[in-house]
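Data block below; observations after.
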2 protein chains.
Amino acid sequence: MATMREVAAAAGVSPKTVSRVLNDDPHVSPATRERVEASMRELAYVPNALATTFRSGRSPVIGVAVPDLIDPFFAAIVTAVEEEALAHDLSTLVTSLGHDPSRERTVLESVLRRQLSGLVVAPTTNDHAYLEAWAARIPIAFVDRAPGRLEADAFLQDDHGGARDATAHLIAHGHRRIGFLGDSLAAPTIAERLEGYREALAAAGLPFDDDLVALDAATRPGAAEALRRLRAPDRAVTAVFSSDARCTMAAVPTVTAHPIALTAFGDFPLADSLTPAITVMAQNPAALGRLAAARLVERAAHPTRTLPRRTVLPVTLVERASCRV
Amino acid sequence: MATMREVAAAAGVSPKTVSRVLNDDPHVSPATRERVEASMRELAYVPNALATTFRSGRSPVIGVAVPDLIDPFFAAIVTAVEEEALAHDLSTLVTSLGHDPSRERTVLESVLRRQLSGLVVAPTTNDHAYLEAWAARIPIAFVDRAPGRLEADAFLQDDHGGARDATAHLIAHGHRRIGFLGDSLAAPTIAERLEGYREALAAAGLPFDDDLVALDAATRPGAAEALRRLRAPDRAVTAVFSSDARCTMAAVPTVTAHPIALTAFGDFPLADSLTPAITVMAQNPAALGRLAAARLVERAAHPTRTLPRRTVLPVTLVERASCRV
DNA sequence: TTGTAAGCGTTATCAG
DNA sequence: CTGATAACGCTTACAA
C-alpha cells in the first residue's frame, strides 16, 4: 500500500505534485508528470479514497434505505437510485430497514454519520422529527411514503386516487360486496388506499363495512385466512381489492385455487402470467427512485433553490383478467 | 456540526477525554463524564464517522457487487450479506455490475479504493487476475460464480450435478428430445449446466445435438423465439431444461400458452403458482450470501488461518407440475 | 484520571 | 511550474 508520500519520494517531487498529477492539474510539466506516473506504476499506487473523502468532508455516496430488498418494488427503487447516482459519479450505500418500525431511527442515524451526499428513504415510521437536524445539513428525499413531522422532499404515487379507481373498476364490473385486503393500516400508504377504497364505495352509493377490511395478509397463511373470512357466507364478498403487492403475491395461491374477482395495487413480476392474470394499478418505482436521486443532486448543487416538496406520480390501471373472474 | 474539539472546549476538558467518553473508556470520572455528555447534548454533537474510519484505516463496510438487484436470486444474496454484516456491526455498500462484463473491473476497483473490510462479488467476467493485488490486502469472496485466474474464496452451487439431475428427471419422465434453454455460454455457471445436461443425456445413451441448445433466451422475445425453434418439426423437442431463472421467467408466458415439459435451474417467486407450476432445481442464494459474508469476517479476524477455498452447496429438486406436462 | 503531541493520506493556501 | 505548511476530526502513544 504505497502512499502519495512514497510516490513523491520515489519521483523526487513533493506530495502536492503527485496530487496534481492525480487530479489532472494542468500546472505540471510533462517531464515531471511522466516521472510521477512512472513511480505510481512502479509502486502500484492506488489513492486512498477514505483519505480524500475525509479531507473533502463529504462522502460521494448516496444512502438508500428501504424496508426490504426482496420486494421487487423496492429493488426497483434502489436500482433506479443507483443508476442516477452512477450518472453523477456517486455510489450508493444500501440498507434494509426491515418492516419493524423501531429499527428505522437507529439504522438511518448510523448511515447519516457517514457524511453522505444525500439520502433516499422509503420509511417505515410516521414520525421523522428526529431527522430535522440532519435534514438541515444533508438533502433527504422520501419515496413511496411521505415524511411525518418533517419538511422534506417526497416522491409519492397517487395512493388515494389509484385505490379509488381500482375499486371503482370492480364496481363497474358489477360487484357490490368488495373486500379490502391489506397488511397493516399503520403504513400511511395503506391507510390512504383504504380511503380511496371508501371513496369509491361512497361514490357508488355502497355502504362501507368494517368487516370487509381484512388485514395481516402479507404472508401466504395470512392472506389465505383473510380471503377465507371474506368469502364466508356472513361476509360473502364477490370481489377483492388488494392494497399492496406483497399481499397480492401472498394471496396468489389462494386466488388461483379459488378464483375471485381481484384488482391489486402494485404490479409485480409474472402478474400477467398467472391464471388468472392479475389486474393491477401499476406504480412506477423506477421513476420514484430516479426522481429522488436527481433531486438530491439538485439540492446539493443549489441549496437555496425553491422546489416543490411533494411530487405525486400517477398510477395506471393495467387491465388483465382477474377483475373479470 | 460540532466537532469533538468544540465539545471539549465547552466541557473544559481535552478532546481525548471526549473521545474516552464516547468510547466508554472506564478511565473517566463520573463527574467529568457527566459534564462532557451535557456538552455533547448541548451542541448536538454527532461523531464524524468519516474521520474515525479514516483514522482506523479501514472502513467497517462490506462491499457487495452483483450483476443486478432486480433478479430475486441476487437480491436474496445481497439481503443475506446485509444480515450477516449487521450481526458484525458492518454496513454494506451495494453495487450493481450490470450484465455487461466490461464494466466489472472499473466498478470493483472504485469500490475497493474505499478500504473496505471485505468484498462479496457475483462476477460477470472470467478473469480476475486484476484483483490479485487487492485480494492480498482485503478479503474477497466470490458467490455464484468462481473466480478466474485468482485464488479466492468461492461459494458456489452444484451447477453441474444440478443440471444433470434436472435433465435426468425429464429423461425419467420418458423424454428423448430435450432442449437446453440459456442466455449465454460465456457465463461459467451456464457452461457448467450445459455440461451437466450433456452428461445426463450421455448417461441415458441419448445423443447430444447442438441444434437443441437455444441461447439468448433471457428476454421474453428471446425466450419465445428459442422455444419456437426448439418446437419446430425439424427439432421437435418434447421437453426443455431451462438453465437459469431469468430465462425461465422470460419463457413463462410462452410455456403457459403452449405447455411443454419443463425443468428449470433456479427457483423464483410464484413459480409454484403458475399454470403449470414450474419444477425447479432450487439454489440457496441466502446461504451463499451468508456464508460469504461470514467468511470475510473470519478472514479479517484470522488472516493466516487455512480454510477451504471452494464451498459448493447442493441444489434440491422441487418437483411441481411442469415436468409432467 | 487526564492531557499532550503526533499522525492517519490527502489537498488548499500561499510562497517561491 | 513546484513546494512548504497546515489542516480535515479523530485516536494511539506516551506523559503527567
Side-chain angles (χ1 to χ4, degrees), chain A residues 1-40 43-61 89 110 112-117 137-138, chain B residues 1-40 43-61 89 109-110 112-117 134 137-138:
Chain A
M1 269 317 274
T3 75
M4 202 156 101
R5 212 195 237 39
E6 293 169 327
V7 173
V13 299
S14 82
K16 177 71 222 191
T17 300
V18 178
S19 167
R20 279 195 259 257
V21 170
L22 222 55
N23 296 289
D24 286 319
D25 186 316
H27 301 290
V28 181
S29 77
T32 310
R33 180 180 299 274
E34 197 55 45
R35 216 145 24 92
V36 170
E37 281 169 348
S39 302
M40 296 205 294
L43 300 173
Y45 170 72
V46 180
N48 180 334
L50 231 47
T52 312
T53 265
F54 164 60
R55 179 64 241 245
S56 80
R58 175 138 294 190
S59 191
V61 171
D89 275 316
S110 101
L112 284 161
R113 279 161 213 245
R114 282 169 206 273
Q115 322 291 110
L116 303 174
S117 297
R137 299 192 311 99
I138 96 163
Chain B
M1 269 319 274
T3 74
M4 202 156 101
R5 212 199 238 33
E6 292 169 329
V7 174
V13 298
S14 82
K16 176 69 227 195
T17 301
V18 178
S19 165
R20 278 195 258 259
V21 170
L22 222 56
N23 296 289
D24 286 320
D25 187 315
H27 301 289
V28 182
S29 77
T32 310
R33 181 180 299 275
E34 199 53 46
R35 213 142 31 87
V36 170
E37 280 169 347
S39 302
M40 296 204 296
L43 300 174
Y45 170 71
V46 179
N48 180 334
L50 233 46
T52 313
T53 264
F54 166 59
R55 184 65 178 70
S56 79
R58 174 139 295 188
S59 191
V61 171
D89 275 317
E109 289 191 322
S110 100
L112 284 162
R113 277 162 216 250
R114 280 170 208 273
Q115 321 291 109
L116 304 174
S117 296
W134 291 106
R137 298 193 310 100
I138 96 164

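First the proteins, then the strands, lettered A, B, ... as listed; each starts at 1.
- Distance CG (B:Asp24) to P (D:dT11): 12 Å, rounded to an integer number of Å.
- A:Ser29 meets the side chain to side chain donor-acceptor pair (under 3.5 Å) test with A:Thr32; sequence neighbours excluded.
- Counting any heavy atom pair closer than 4.0 Å across all strands shown, B:Ser14 reaches a base atom.
- Separating the CD atom in B:Gln115 from the CZ atom in B:Arg137 is a distance of 5.5 Å, to the nearest 0.5 Å.
- B:Ser29 has a side-chain polar atom (N or O) that falls below the 4.0 Å cut-off from OP1 or OP2 of C:dT2.
- In plain terms, the two heavy atoms of B:Ser39 and B:Ala11 that are nearest each other are OG-CB, 3.3 Å.
- Taking 4.5 Å as the limit, some side-chain heavy atom of B:Leu22 sits within range of a side-chain heavy atom of B:Met40.
- As judged by a 4.0 angstrom heavy-atom cut-off over every strand, A:Val13 is placed among residues touching the sugar-phosphate backbone only.
- Between A:Val61 and A:Arg114, the closest side-chain pair of non-hydrogen atoms is not below 4.5 Å.
- In terms of modelled atom types and a separation under 3.5 Å, the side chain of A:Asp25 and the main chain of A:His27 share a donor-acceptor contact.
- Between the CG atom of A:Leu50 and the P atom of D:dC8 there is a distance of 18 Å, rounded to whole Å.
- Here D:dC10 presents its C1' atom at 14 Å from CD of B:Glu6, a figure rounded to the nearest Å.
- Between its opening and closing five pairs, the helix from C:dT1-D:dA16 to C:dG16-D:dC1 changes axis direction by 40°, a value rounded to 10 degrees.
- Distance, B:Asp25 CG to C:dG3 C1': 13 Å, rounded to whole Å.
- In terms of phosphate contacts, B:Thr17 brings no side-chain nitrogen or oxygen within less than 4.0 Å of OP1 or OP2 of C:dT2.
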Requested in this report: Would you give a per-nucleotide map of nucleotides 8-14 of chain C, 5' to 3', where B means the base has a protein non-hydrogen atom under 4.0 Å away, S means only the sugar-phosphate does, and - means neither?
Outcome: BBBBBB-

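- A:Pro15 approaches A:Met4 most closely through the heavy-atom pair O-CE, 3.2 Å.
- Panel note: side chain B:Glu37, backbone B:Glu34; no donor-acceptor pair is recorded below 3.5 Å.
- Note on B:Pro30: nothing from the nucleic acid sits closer than 4.0 angstrom, heavy atoms only.
- Of the possible polar contacts, one joining the A:Asn48 side chain to the A:Leu50 backbone as a donor-acceptor pair under 3.5 Å is found.
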